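To keep things clear, I will list the structure first and then write my remarks on it.
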2 protein chains.
Amino acid sequence: MSTPSSAFLKQLRKMIHPSDPRIGALGDVVLSTSLIARGRDIVPLGSTERRVLAIGEGIAMRYRLLPDGGRQIFMFLLPGDACNPNLFNATPMDHAIAAVTPVRLEQIPHDSMLVLLKKVPEVNQALWSMADQQTAVMRDRIMGLGRCDARIRVALLLWELVMRLRVSEAQVMPVVIPITQALLADAVGVTHIHFNRIVSEFCRLGILATQRGRLFVTNPRSLQVIASEITCAA
Amino acid sequence: MSTPSSAFLKQLRKMIHPSDPRIGALGDVVLSTSLIARGRDIVPLGSTERRVLAIGEGIAMRYRLLPDGGRQIFMFLLPGDACNPNLFNATPMDHAIAAVTPVRLEQIPHDSMLVLLKKVPEVNQALWSMADQQTAVMRDRIMGLGRCDARIRVALLLWELVMRLRVSEAQVMPVVIPITQALLADAVGVTHIHFNRIVSEFCRLGILATQRGRLFVTNPRSLQVIASEITCAA
DNA sequence: CGGACTATTGAAGCGTCTCAAAGCTGGTGG
DNA sequence: CCACCAGCTTTGAGACGCTTCAATAGTCCG
């Protein structure tokens with residue numbers, strides 16, 4: 001069985017096929033892990049990696065800084081998500097990736113991945129799927145930013161995180177989102193201050209509960225209702 | 001030489017390597033084209049394609065409709081751009097692609113692509129690069145939508161289009177952008193009406209000139225200046 | 001020549017930002 | 001073990017960017 005305690009390999013396996021025999025080859029991959037402290041960069045701006053990096057545990061973010069000190073967060077990366085699914089990319093990163101919580105990072109040298117790729121071509125396909133999923137998340141973000149008011153954008157983001165957390169971690173009901181309000185605000189493109197007013201409202205509605213540094217989603221159902229007030233047809 | 005009159009194959013060739021000998025194999029690909037009228041869908045919502053579709057000539061858009069009748073445009077596709085660079089994707093589209101101008105569409109069956117892929121593995125790499133370029137464009141869009149006011153978003157979009165048009169078509173100075181103001185507005189997330197006020201301002205500044213259905217960029221330089229008033233460090 | 005689409009202009013309303021300030025909470029060092 | 005400090009959260013009031021609604025004008029096509 002070679003249970004891959006790796007979140008990344010687990011996700012890879014899931015994308016290939018429920019029970020492909022060649023999946024055993026995944027165990028042969030050279031995988032190392034390291035711990036990244038909260039707030040530190042995992043992949044700095046302008047870097048070119050020669051390993052596949054993936055989130056093993058914790059939460060990270062793709063982001064970019066602006067000259068005025070602002071910051072835009074493109075998306076949050078959850079356990080199993082790859083920072084750079086494109087094995088062949090030689091161009092320097094146009095953004096950075098940092099740890100939102102303490103992160104256990106999984107690293108696989110490109111060489112090792114390429115060997116695997118030759119043995120199991122379906123891995124390439126799986127990597128494509130992972131990349132596609134991430135761009136789908138970004139499309140949803142563009143959708144929200146371009147067409148919805150802040151209230152709905154917040155609901156959309158939280159709903160997205162709840163859904164994605166449910167698969168990576170098997171969460172129980174009060175879903176925990178261990179991300180600062182300021183960071184969440186930087187993702188939906190509002191001031192952390194206005195974000196907070198919206199959170200307060202959701203708390204009053206019994207949808208959320210707060211604690212320093214984290215949010216509890218007590219009622220995902222109504223979150224989705226709010227989100228779908230304007231959400232897309234897809 | 002087998003000059004591929006195909007914009008897509010040209011782009012593919014460019015991404016592989018300036019002068020790889022195996023590039024000749026690109027000519028063996030099964031390529032057909034068809035004409036799409038302005039406004040028609042190229043790839044409808046929910047479809048699953050078994051061919052690679054690419055823009056040969058003209059401009060298309062990735063977009064999604066909202067229940068309230070609104071529309072968000074994720075990005076514009078220019079000659080050479082692929083609608084679906086992921087050969088292995090079997091999941092239905094979560095958005096649609098339509099022709100902004102009359103479009104000459106290039107179609108290559110997946111079978112044929114896979115044959116090519118086996119002969120020239122670098123093609124896979126090239127497809128990855130194309131996908132990466134598109135997500136880079138989307139990241140820039142998120143950046144703008146989340147962090148910049150409308151004036152700058154407009155400058156950013158127009159600057160992006162000017163840059164990308166310069167490579168696909170060898171444009172001369174008054175760069176023509178044959179896209180309706182209403183559509184451009186739907187891309188940057190403002191009312192077409194407010195978009196028009198910004199265009200008017202840019203006209204007064206001598207940056208733009210207008211004509212029914214198209215924009216002329218007469219002074220790209222100052223466009224970039226405005227765009228970089230807040231733009232990212234990258 | 002009529003009809004449909006595109007562009008343009010004005011005025012009122014509101015969503016969000018900005019600035020300013022003050023609680024809180026948890027972790028750190030004394 | 002306590003005090004302090006940095007980071008996170010919360011609250012208020014004024015300003016402004018953008019939307020909305022309404023209406024007119026220009027331009028292409030059948």
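The structure presented is a predicted model; accordingly, all values stated were derived computationally and were not measured. Residue numbering restarts at 1 for every chain, and letters A, B, ... go by the order of the sequence lines.
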Do [X] and [Y] come within less than 4.5 Å of each other through their side chains, counting heavy atoms only?
X        : Y        : result
B/Ile97  : B/Asn84  : no
B/Leu161 : B/Leu215 : no
B/Met143 : A/Leu66  : yes
B/Phe8   : B/Leu31  : no

Sequence neighbours left out, what pairs pass ring-ring contact (aromatic ring centres under 6.0 Å, His included) with at least one residue falling in residues 204-227 of chain A?
-> none
Whole angstrom is fine here: how far is it from [atom1] in [X] over to [atom2] in [N]?
X        : N      : atom1 : atom2 : answer
A/Arg214 : D/dT9  : CZ    : C1'   : 14 Å
A/Arg147 : D/dC18 : CZ    : P     : 14 Å
B/His192 : D/dC21 : NE2   : C1'   : 11 Å
B/Ile193 : D/dC18 : CD1   : P     : 14 Å
B/Asn196 : D/dT19 : CG    : C1'   : 15 Å
A/Ile152 : D/dT19 : CD1   : P     : 15 Å
A/Phe195 : D/dT11 : CZ    : P     : 15 Å
A/Gln181 : D/dT11 : CD    : P     : 11 Å

Set of salt bridge (Lys or Arg N to Asp or Glu O under 4.0 Å) partners for B/Arg62, sequence neighbours left out =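 Listed in chain order: nothing, the list is empty.
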What are the bounds, 5' to 3', of the part of DNA chain C that sits under 4.0 Å from heavy atoms of chain B?
-> C/dC5 to C/dA11
Counterpart residues, side-chain contact (heavy atoms from CB on, under 4.5 Å), relative to A/Val225 (two or more places apart) | none
Who passes side-chain contact (heavy atoms from CB on, under 4.5 Å) against A/Pro44, sequence neighbours left out?
->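 Only A/Asp41, A/Ser47 meet the side-chain contact (heavy atoms from CB on, under 4.5 Å) criterion with A/Pro44.
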Applied to residues 151-163 of chain A, the side chain to side chain donor-acceptor pair (under 3.5 Å) test, sequence neighbours excluded, yields A/Arg141-A/Glu160, A/Arg151-A/Glu201, A/Glu160-A/Arg164
Taking 4.0 angstrom as the limit, do B/Arg139 and B/Asp132 come out as a salt bridge?
-> no
Contacting residues from residues 199-212 of chain B, given that a heavy atom lies under 4.0 angstrom of DNA chain D =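 Heavy-atom contacts with DNA chain D come from B/Arg212.
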Could you tell me whether [X] contacts a base, only the sugar-phosphate backbone, or nothing, with contacts defined as non-hydrogen atoms closer than 4.0 Å?
X        : value
B/Arg153 : nothing
A/Arg151 : nothing
B/Thr180 : sugar-phosphate
B/Gly189 : sugar-phosphate

State which residues pass ring-ring contact (aromatic ring centres under 6.0 Å, His included) with A/Tyr63; sequence neighbours excluded, sorted by chain then number.
->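 Applying ring-ring contact (aromatic ring centres under 6.0 Å, His included) to A/Tyr63 gives none.
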All heavy atoms of A/Leu156 vs all of A/Ala227, minimum pair found to be CD2-CB, 3.8 Å
Taking the side chain of B/Arg197 as heavy atoms from C-beta outward, which of D/dT9, D/dA22, D/dT19 is closest to it?
->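 Closest nucleotide to the B/Arg197 side chain: D/dT19.
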Taking N or O atoms only and anything under 3.5 Å, show me the protein contacts with nucleotides 15-17 of chain D, one pair per line.
none

Given axes from five pairs at either end, by how many degrees does the helix from C/dC1-D/dG30 to C/dG30-D/dC1 bend, rounded to 10°?
->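 What I find for the helix from C/dC1-D/dG30 to C/dG30-D/dC1 is an axis angle of 50°.
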Using distance only, find each side-chain donor-acceptor pair of residues 172-195 of chain B under 3.5 Å and give its atom names and separation, not counting sequence neighbours.
residue  : atom : partner  : partner atom : Å
B/Asp186 : OD1  : A/Arg147 : NH2          : 2.7
B/Asp186 : OD2  : B/Arg71  : NE           : 2.8
B/Asp186 : OD2  : B/Arg71  : NH2          : 3.0

Sequence neighbours excluded - salt bridge (Lys or Arg N to Asp or Glu O under 4.0 Å) pairs with any residue from residues 209-218 of chain B =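 Those involving residues 209-218 of chain B do not exist here.
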